[in-house]
Structures are given as C-alpha cells and as structure tokens.
There are 2 protein chains.
Amino acid sequence: MTHQRQVLYEAMQKMHGHPSPEDVYLRVRRRIPSISLATVYKNIHLFIESGILREVSLHHGSLRVEMNAHAHHHLICVVCKSITDIDEAVLPLAAKPKHLPGGFRAERYAVDVLGRCQACQKEESAQKAS
Amino acid sequence: MTHQRQVLYEAMQKMHGHPSPEDVYLRVRRRIPSISLATVYKNIHLFIESGILREVSLHHGSLRVEMNAHAHHHLICVVCKSITDIDEAVLPLAAKPKHLPGGFRAERYAVDVLGRCQACQKEESAQKAS
DNA sequence: TATTGAACGATAATAATTATTGTTTGTCAA
DNA sequence: TTGACAAACAATAATTATTATCGTTCAATA
Ligand SMILES: [Mn+2]
Ligand SMILES: [Mn+2]
Ligand SMILES: [Zn+2]
Ligand SMILES: [Zn+2]
C-alpha cells in the first residue's frame, strides 16, 4: 500500500455515482498534483481485480452488434468476456414496469448474468491443481 | 439504399452472435474488397439509429467504476446515456440460479433498464412541438 | 446532358487504454 | 551503514477503437 494508492482509495471513497478514470484522475490531482494517469488506471484495475471495487459494465473493448432478434438475456464471463445468449424465459423478472422513479420511461429490460463460463472454470481448477 | 449498404445488411443477416465492426468489415470485404472500415461504422450506426439493429451494451465508451456498494440495478437513458441507480427491490428477479445452461456459474445478476430519462423525454416532446 | 447531393474510400485526428522505460523508494542482508 | 533488489512510480510512446475530414464517385433528376 503506497502513498499514491492510499490517497487514490480515499479520494474514490468520497466520490459517488460512476466515475471514469479521468474523473478520478482530476480529483486525485488535487491531493497529488504529480500523479500520473497511468498510475490511476493501474490502481483502479488493481482495486477491481482484488474485489474492492467493481466496474459498472464489462466493456468488451469494441461495439458489438446484437444479431439475435428474439427476446433474450446474456451470460457474461468475467474472465474471458464471452457473451452467450440465454432465453428470456429462463430469467423472468417479477415485473417490468414502464414507469420508474424519477420519471424514467422503460423501453426494454436487459439482464446480464456475470460469472464464469465452463471453460474458464476448468482453466482455473487446472491452475489451482498445479 | 446503396450497393454497399445492401451488401453490408445481407452479410450481417448471415452473422450470428455479437460481431464487432471489425468482424463485419472482414466478412463484407469478401464481397466488396474495396469497402472502407469507415463505411462499415457509418452503416452500422445507421442501422442502429433506424432501429433495424441494436447494440449489445450501451456503455462501451470508457470504464466506469461503481461507487455504490448496495445491491442495485441501473436505469440507462438511450438518448443521453446517463446511468442512474435503482434499488434491487424495485426490480426483483423471479429467481437467481447459480447454475445455468452450458455449465455457466452465476456470480451476480445485473438488470439494465433501457429507456428515456425525464429530461430527454421533455427535450423530445419540445422538439416535436416546434 | 449538366447539376448536385448523398455516400463512398482514404486517411488524419481523437479518445481511451496499455506498454515501455528510466527513476525513485522502501526493504533487507552483508 | 551501505549496496542489492524489487515494486511502484512518472513520463511518454504505442496501440486500439472510433470519428472527422476531404476529395471523388455515381445515380437521380432538372
Ligand atoms: Mn445476444
Ligand atoms: Mn450504480
Ligand atoms: Zn470464460
Ligand atoms: Zn436522457
């Protein structure tokens, strides 16, 4: 736990919502003006990997187009980032209100199941054995 | 409907899963070797805006860190891309199975409600009136 | 047939992120 | 104490994904 890491953590604890690395950088520079953006990225990743923080959505690097027209949800592997379709009937929502708090009007409900695909589970148990 | 747009559309109809613009580019080059990647991007956006296709995830822009430790879901405005937290209790899932088809092991369930925030609804109704 | 505007291809520019490199700093053992 | 060592750092180059610019093509139409 270095000084930069400590100050980064404390600064982030005071932030709300869903800040970007740039947001965090701008804020922590008030405490450590010499800090590098690369250090911010490295430590955010470290916090995420260690489970202290989580990212809002697993972004797959590039835009992905949905080619499955049926109503479905997604199984997303947090290790290999693979995206698998799963029928909507398997994961029913208790309700799908059209009107939500704050005047938000719902048009579509998407469920992401985050976890580990079979291949990555096997990979990990094989590594643990060695 | 230009030739490139037509061929792009037909090529994409034959694709499955969640292709990236690069995937689409590589495939459509077999039909039109001179096509530009920029044309692929422009037409994919056109298809998405017109509602013919949809993108898998709206927030693939930059990494966002989740600072709300409570169990909650998200309201995502498709117009301004704002992300608002909503308590998990408001959107209960009928079940959260740990084991899913294909040997996938679920660790967390995230519900994204896609729609329009109040501000963007007002913006749009004001535009329609003018 | 001449005009013209949308779309195109090439490519420059931008934004987000990651990799590289040389330097600093704390830890530990001679 | 001092010197070796490794982790982390700042600076910055490089990479990746995407968008903007610009000169050109081409089909519809005046
Ligand atoms: Mn899908
Ligand atoms: Mn949130
Ligand atoms: Zn996996
Ligand atoms: Zn909005």
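The model shown is predicted, which means the values in this text are computed figures rather than measured ones. Numbers restart at 1 for each chain; the letters A, B, ... are given by sequence-line order, proteins then strands.
Between the P atom of C:dC8 and the CD1 atom of B:I44 lies a distance of 13 Å, rounded to the nearest Å. Counting to the nearest Å, the C1' atom of D:dT16 and the OH atom of B:Y25 are 15 Å from each other. Nucleotide C:dA7 holds its C1' atom 13 Å from the CZ atom of B:F47, rounded to whole Å. When the C1' atom of C:dC8 is taken as reference, atom CD of B:Q6 falls 16 Å away, rounded to whole Å. Here the C1' atom of nucleotide D:dT16 and the NZ atom of A:K81 are 15 Å apart, to the nearest Å. Between the CZ atom of A:R64 and the C1' atom of D:dT16 there is a distance of 13 Å, given to the nearest Å.
Listed by first and then second residue, the salt bridge (charged side-chain N to carboxylate O under 4.0 Å, His left out) pairs involving residues 27-38 of chain A amount to none (not counting sequence neighbours). For residues 97-121 of chain B, the pairs satisfying salt bridge (charged side-chain N to carboxylate O under 4.0 Å, His left out) are A:E107-B:R116, A:R116-B:E107, B:R116-B:E124, with sequence neighbours left out.
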What N/O pairs connect the protein and nucleotides 6-15 of chain D at under 3.5 Å? Give each pair on its own line.
residue	atom	partner	partner atom	Å
D:dA8	OP1	A:R5	NH1	3.4
D:dC9	OP1	A:T2	OG1	2.6
D:dC9	O3'	A:Q4	NE2	3.0
D:dA10	OP1	A:S34	O	3.4
D:dA10	OP2	A:S36	N	3.2
D:dA10	OP2	A:T39	OG1	2.3

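Side-chain nitrogen and oxygen atoms of B:Y41 include none within less than 4.0 Å of the OP1 or OP2 phosphate oxygen of D:dT19. Distances shown here put every side-chain N or O of A:H60 at or beyond 4.0 Å from the OP1 or OP2 atom of D:dA17.
Checking side-chain atoms of B:Y109 against main-chain N and O of B:P97 turns up a donor-acceptor pair under 3.5 Å.
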Sequence neighbours excluded and cut-off under 3.5 Å, please list the side-chain donor-acceptor pairs for residues 82-93 of chain A, or say none.
residue	atom	partner	partner atom	Å
A:D85	OD1	A:H72	NE2	3.2
A:D85	OD1	A:H74	NE2	3.2
A:D85	OD1	B:H18	NE2	2.9
A:D85	OD2	A:N68	ND2	2.9
A:D87	OD1	A:A89	N	2.9
A:E88	OE2	A:K96	NZ	2.6

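Taking A:Q118 as the reference, nothing meets the side-chain hydrogen bond (donor to acceptor under 3.5 Å, both in side chains) condition, with sequence neighbours excluded. Qualifying ring pair (Phe, Tyr, Trp, His ring centres under 6.0 Å) partners for A:Y41, counting only residues two or more places apart in sequence or in other chains: none.
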